[in-house]
Structure formats: structure tokens, C-alpha cells
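Written below as C-alpha cells is the structure these notes are about.
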Amino acid sequence: MTERRVPRVRVRFAPSPTGDLHVGGARTALFTWLFARHSGGDFILRVEDTDRRRYVEGSAAGIVESLQWLGLEWDEGPIFQSERLPIYQEHANWLLEHDHAYECFCSPGRLEQVRAGQRARGEPPGYDRHCRSLTPQEIDEQRRLLAQEGRNPVIRFKMPESGTTVVDDLIRGPITFENRLLEDAVILKSDGFPTYHLAAMVDDHLMEISHITRGEEWLPSAPLHVQIFRAFGWEMPVLVHPPVILRPDGKGKLSKRDGAVGVLEYKRKGYLPEAMNNYLVLLGWSAGDQEFFSTDDLIERFELADVSASPARFSFDKLLWMNQHYINHVLTLEDLTARCVPYLVAAGLVPAAAEDPASPEHARVREVVTLVKDRLKTLTEVVELTDFFFTDGAEATEEYATETLVPRKTEPAAVRAGLERTRATLVGADLDDEAGTEATLRALADELGLKAGQLFMPIRVAVTGRTVSPGLFETLRVLGKDRVLARLDAAIAKLATYRSQASPAG
RNA sequence: GCCCCCAUCGUCUAGAGGCCUAGGACACCACCCUUUCAAGGUGGAGACCGCGGGUUCGAAUCCCGCUGGGGGUACCA
């Protein structure tokens, strides 16, 4: 019995530096990375920067940052294709010498003309193989003419003109293409740079890639890639084309136009990489029962072959929900605190010293975060939800409209009296005793003939400046007596000059 | 136009011939909890498994056609 050698799993994520890393690309990267980790193989980062016109400065750095943020660390790379030009040129020449490629001297203008004609006649547009059958003399002549213009020919791959090419995709099965409908693609451009078709295939072979994972949009050119491997006599890696991600409305691929699609945008907006990964992996893959996965769970359970072949729509809603779930129920308090601090520091609410987990400032943030943990959907929201805990006195909370102090069906005078009595009561109270504060204020409401809410809401607005806040008694405790009293005073003062706009109905 | 892929609640999906009078999650609605808002709990509405043919004792599950959606059609990736 001969044992079949099972090649080591080696996969790569190969983005082109033409912009930010999109969630679609991030998902492909995630699938690829999980597959590598699951099978104990290697994950390589390769930057496909072979198009000088579309190159965007800083884009590669952004992609690197995105992957790092998501925790998709690579074992090799980043490798830049632009630094490997001679390799591709050598391979193009090899194909030329072995009759698998030919020089094409056609001008862009002629190519456009050919396509226009084909379209008009209802034929599939494509290169008409004009230069494929040039005689050696004609080739020399064309070279000379082109050289006079200071231009170079391109090199095209010779596709078989008949028969079929079978592309065997891991998640779709075998797909058969008619060779006569395929064209002779350019593999080396006139500027000496390779096109994707040559560069990616050469690299995938040289880097011993076992599985080519890439977006579904590459499926139509897969037969070309199979033929390139065949021409070189190389063993074909397994092809894997996860589906594209659709816009929320399903009309087309998710793109920049649809708002937030850049991974770094989500980082900035206070999303957690854990939530991002968890959401993304569920877009096209499922373990059946489970909904939440730690990275280790995923590495253990993820199967590339189980990825769905049908495209899924991106849901901002569900991502947000997932993020909230991680903040509310997965992160430890300490972890959440540490992640909130930078946002509070950036907003100028807490000193940079709070970055130190042992600092009193950090402890203070932790105390505050405890109260809003269940209310945060994103990390950035911590600023608007808790700013009043970090400002002193009453200035920062005085912005609210006085009328918000007065609940429906409640007389302003009663509110004012209630706040005055509350102030008098709290002066001597121990705010650390939440239950005690609650009992005291409930009794006070009773005594004033008010429902609890009719007294609590004005207090809430007075001390927080808003109608929505964490629980009142824990808020009072964390605020501390100084702030509470100062803000009650400010509210009472506002009410002193307040005239009810509309008399309460009923 | 041509080529290719895909097709279960609005959305993400479970389902690999009988376990399905189709399960879960998001969103939505109601109720409970309740000092606001959340979170949480309970329940509800929501899919004749795109349509039409087959195969089979039996199909969401297999086959064919149609329709619909998506992708590709560059000296871009």
C-alpha cells in the first residue's frame, strides 16, 4: 500500500492595496485564517500591488492594521509582488518559449474597436487573437514598429481553443467551462508588470499554496488559472471561492457606497474585533446549533468545505446586536473598562493616567462602566452615556431644557418642592447605601403625594442632565454627594424662573 | 448579449429522502420585570421550502426546465 502524501496546508490572503480592507475581504481573510489554524497550516499575507494606477498610498498599512485588529496574524509576509517583478517576467518568458504564450502588439484602440464590433453583432466580447498566429517575420516587424513608438508588447496566454476546462471548487464542486468561450488573457503588461493571472498563480505555486481561497468574483477566470498551472506542469491547488457579500437590500455587492464597509471604520466606531469576527463567520457558515464562538471555538469547529455557496446580505443591525452582546455578556468588566478608557481620554473626560489599570482614575472608570455595561452597543457610546460622571459641579449638566424636569401630569411647583426636599434629605444621607437612599426617597415621594416616578425623574434629570440614565440610586452613589447637591441646586434654580408653557391636560 | 454561480420566514441560517404539521438567531409585536433607558424573561406574528415537471411507497432534501437574484465579461484586482 502506498501512502498518499497529504500536502501541508498553506494558504494566503492576498489583497490588493487599492483602498481599505472591506468586510467582504475581511471575511475571506477570516475563513482562510481559520482554515489554516484549524489544520495547523501556514497563513501567508501577500500584497498584490501589480497595478500602479490603482495603487493607493497607505492602503497596505491600513490592511495590515485591519488584520492585526481582527487578530488574524500571519506566519509569513507581508510579501509584495511589486518586489518580485523579475520572477514573473521569467515565467512569462518561459511560457513564450514553450508556446503557451505570445506577444501581442495590438493597440488599446484596436482592442476597443474589436470589442465594440463584437458587441454590436451580439457576440461575446473578447480578444480576437489577432497576434496569436503572427509569423516570425511579422513579429519582428511589429516589434520594430512598437519600439519606434517607445512601447512594449504585452504577453498573452494561449488558451486551448476547444475542449473544456474543469474547475473543481471545494464548496461548489466541479464546474465545466467551454474553452472556445475563453479568451487569451494578458499576463504581462506593457509596463513589465504582471497581471493578477500570472502573478498570483506563479506565487501560489512558488509559495506552495495548497488552497487558493478568494472571492467568488474570481470564479469566471478560474479556468484560465487552471490552464496556467497546466502549462507550467504544476500541480493545481484546491480552489475555494466563498461567495460575495451582498448589500443589505440584496442589490449588488457590498461596496463603499453602502456606508461603513471598511474594517477600520468599525474599529473607530467602537466595535469589538471579537464581535466582528463572530458576525462575519456566521455570514455563510454555521455550526448548526451554536451562535456565539470564541476564537478557539472557531478554530476547532470551522470547516472551509461547509461554507455556503450562496451569497449573504450584510446586516448592520445584526452586527450591532452582536457587538452589544459581546459588550454586555462576554467581556469581563475589567476588559470592557480597559477598552473604554481610550475613548474617554480622547473625549477629555478622564486623564491619560486612567490607562494604567492600577490607577484610581481607572478604578473610577470601572465603577462608571459597571453602570452602563448593559446599555452600551458600541464602545464610543460610553462617552455620551457617562460624561456627566466625569464633570464636576453643575455646569456640564445644565444644558437640558427646564421642562424635562417636569414629568407629565405633574405641577412644576410640586417638582420644585420635591427637589428641595430631596436636597435637604440627601445632605445627611449615605449615598453608598443605595437601598437606604431608595427607601428614603420612596418615603419622601409618598409623603409629597407623588408617585415614585414623579419624583425620581426630576432627580434623574437634575443630576444627569438627561431623561435616560442608569439606575437612579447607583447613579447617585457613583456621582457622589458634591455633584448631586450642586446639580439639585442648579435644577431648583432653573425651576424658580420656569413658567409652565402649556397647562397640563386633565 | 454571452459565460458562470446561487435559490428555506423581511434578513442570517438549521435541514445532507421518512425525525419537518420546517428548528434557531436578528429585526418586529405583546406581556412580565421596572424609577427612565437598556439588559433579561415569556409569548406572538412571520417560509404552502421561487415556479413547473419528473425520480421514489415517500422530496425542502435527487434530476431536468423555467424564473429570479448575484458575479464575470480590462494592459483592475
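For the numbers below, each heavy atom of this structure counts, side chains included, while hydrogens, waters and symmetry mates do not. Values in this document were obtained by computation on a predicted structure and should not be read as measured data. All chains are named by letter (A, B, ...) in the order of the sequence lines, taking the proteins before the strands, and each is independently numbered beginning at 1.
Comparing C20(B) with C33(B), their C1' atoms sit 36 Å apart, to the nearest whole Å. Rounded to whole Å, the C1' atom of C37(B) lies 49 Å from the corresponding atom of C76(B). On the C1' atoms, G52(B) is 26 Å away from G46(B), given to the nearest whole Å. For the C1' atoms, the distance from U11(B) to G40(B) is 24 Å, rounded to whole Å. G24(B) and G41(B): their P atoms are spaced 15 Å apart (whole Å). Rounded to a whole angstrom, the distance from the P atom of G1(B) to that of C26(B) is 41 Å.
Checked against C12(B), A14(B), C75(B), the side chain of P108(A) finds its nearest nucleotide in C75(B). Distance from the side chain of K189(A) is smallest for A77(B) among the nucleotides C5(B), G71(B), A77(B). For L181(A), taking side-chain heavy atoms from C-beta onward, the closest of the listed nucleotides C3(B), A77(B), A38(B) is C3(B). You'll find that the side chain of I175(A) is closest to C5(B), out of C5(B), A38(B), G70(B). Comparing atom distances between the H329(A) side chain and each of C76(B), G71(B), G40(B) picks out G40(B) as nearest. Distance from the side chain of W321(A) is smallest to A27(B) among A27(B), C6(B), C37(B). Each of A77(B), G71(B), A74(B) was ranked by its minimum atom distance to the side chain of P220(A); first place goes to G71(B). Closest to the side chain of F177(A), out of G70(B), U35(B), C4(B), is C4(B). Distances from the side chain of T50(A) to the nucleotides A77(B), U35(B), C4(B) place A77(B) closest. The listed nucleotides are A25(B), C75(B), U36(B); the one nearest the side chain of M457(A) is U36(B).
For the residue pair T213(A) and T32(A), a side-chain donor N or O sits within less than 3.5 Å of a side-chain acceptor on the partner. Side-chain atoms of D184(A) and Y102(A) include a donor-acceptor pair closer than 3.5 Å.
OP1 or OP2 of C75(B) has at least one side-chain nitrogen or oxygen of R156(A) nearer than 4.0 Å. Contact annotation: Q454(A) side-chain N/O to U35(B) OP1/OP2 distance is not under 4.0 Å.
Residue contacts shown for R53(A) are limited to sugar-phosphate atoms, with no base heavy atom under 4.0 Å away. W218(A) comes within contact range of at least one nucleobase, with a heavy-atom separation under 4.0 Å. If you check every strand for non-hydrogen atoms under 4.0 Å, P242(A) touches nothing.
Base-pair partner of U34(B): not found among the strands shown (Watson-Crick or G-U wobble, both distances under 3.5 Å). Both distances falling under 3.5 Å, in either a Watson-Crick or a G-U wobble arrangement, place C28(B) opposite G44(B). Across all strands shown, A14(B) has no partner, as no Watson-Crick or G-U wobble contact with both distances under 3.5 Å is found. Under the Watson-Crick or G-U wobble criterion, with both distances below 3.5 Å, C20(B) is left unpaired in every strand shown. Pairing partner, G50(B): C66(B), with both Watson-Crick or wobble hydrogen-bond distances short of 3.5 Å. Look at G1(B): its Watson-Crick or wobble partner, with both distances under 3.5 angstrom, is U73(B). Remark: C9(B) base-pairs with no nucleotide; criterion is Watson-Crick or G-U wobble with both hydrogen-bond distances under 3.5 Å.
If you take CZ of R119(A) and P of C2(B), they are 14 Å apart, rounded to a whole angstrom. For the pair D249(A) CG and A27(B) C1', the computed distance is 16 Å after rounding to whole Å. One interatomic measurement links the two molecules: CD1 of I212(A) to C1' of A77(B), which rounds to 15 Å at whole-angstrom precision. The distance between atom CG of D374(A) and atom P of U34(B), rounded to the nearest whole Å, is 17 Å.
Below 30°, between 30° and 60°, or above 60°: for W94(A) and H100(A) the angle between ring planes is below 30°, a parallel geometry. Between F314(A) and F316(A), the two ring planes are perpendicular [angle over 60°; tilted spans 30° to 60°].
The closest donor-acceptor contact from the side chain of N278(A) to the backbone of E291(A) lies under 3.5 Å.
Taking a cutoff of 4.0 Å between a charged side-chain nitrogen and a carboxylate oxygen, R301(A) and D306(A) do not qualify as a salt bridge.
Ranked by how close their nearest RNA chain B nucleotide is to the 5' end, S469(A) and P248(A) are led by P248(A).
The distance from the CG atom of L450(A) to the CG atom of L455(A) is 6.0 Å, given to the nearest 0.5 Å.
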